[in-house]
Amino acid sequence: MSPLAERYRAIGSALPQGVELLAVSKGRPAAMVRELYGLGQRRFGESRLQEAVAKQQELADLPGIEWHFIGRLQANKVRPVLQAFPIIQAVDSLALAQRISRIAAELNLCPQLYLQLKLRPDANKGGFERAELEQHWEVLQALPSLQWHGVMLIPPLALSGEPLQQLFAEVVELADQLQLPGRSMGMSGDWPLAAAHGSTMVRVGGALFGRD
Ligand SMILES: *Cc1c(COP(=O)(O)O)cnc(C)c1O
């Protein structure tokens, strides 16, 4: 078995039932995506448009592959991202959601979306704070041509252990309040903790593909 296949099997056997794996393939060659597809993996996450589109073209022969855009989405990239990705995970502002809605309607698409949360101060990241989300939720829900599927979290780098667990619990509570089924949280460093504390989808890059 290749090292990639070994890591894939190890993660798969440690993931609790009901928690999906998003293989974060940004910066990785199409051949590795193809190998994982051959082992049964279908969901892949990318954060750079050009790189992703090139990979998608190379892998166009793989039916049922599911591409998630997980990067920060700039306003001028909304149209091409919608054309390439049925699922967008990092919707981090009302203005972005409104723009996605307008362009999705024009393109006759209905993307699946995740709201990026920022429940702790974090200068490096976008996302909705709780009060802001509660304030805008009605407007967000009413935007046409969108399917709100869940929330997504990128925790502050410094957080671990009990405080991180507490943050995961708050994400679960907020998702329940909004009646959103998806909770995308957990990355290479914290996916076991996230999976044990309410994640429905862990997004794993380095721990799956290897660190280079
Ligand atoms: C890169 C990335 C990941 C994966 O990170 P690893 O630490 O390599 O597992 C997960 N989520 C987002 C939003 C990312 O940009």
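None of these values were measured; they are calculated from a predicted model. By convention here, the first residue in the shown sequence is residue 1. Just follow the structure's listing: the first ligand is 1, and inside any ligand the first atom is 1.
Contact between Glu46 and Ser25 at its shortest, heavy atoms only, is OE2-OG, 2.6 Å.
For Asn76, the CG atom counts as densely surrounded, since its 6.0 Å shell holds more than 12 non-hydrogen atoms of other residues, nucleotides or ligands.
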Report every pair formed by an N or O atom of ligand 1 and a protein N or O atom separated by less than 3.5 Å, giving atom names and the distance to 0.1 Å.
from	atom 1	to	atom 2	distance (Å)
ligand 1	8 (O)	Gly206	N	2.8
ligand 1	9 (O)	Ser188	N	2.9
ligand 1	9 (O)	Ser188	OG	2.5
ligand 1	9 (O)	Gly205	N	2.8
ligand 1	11 (N)	Arg203	NE	2.8
ligand 1	15 (O)	Lys26	NZ	2.7

For residues 136-146, which side-chain donor-acceptor pairs fall under 3.5 Å, sequence neighbours excluded?
from	atom 1	to	atom 2	distance (Å)
Trp137	NE1	Gln141	OE1	3.3

Show which side-chain atoms of residues 81-89 pair as donor or acceptor with protein atoms under 3.5 Å away, not counting sequence neighbours.
from	atom 1	to	atom 2	distance (Å)
Gln89	OE1	Ser184	OG	2.7
Gln89	NE2	His68	ND1	3.1

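Partners of Asp122 by side chain to side chain contact (heavy atoms under 4.5 Å, CB included), not counting sequence neighbours, listed by chain and number: Lys118, Asn124, Lys125, Pro156.
At distances below 3.5 Å, at least one donor-acceptor pair connects side-chain atoms of Arg183 with backbone N or O atoms of Gly198.
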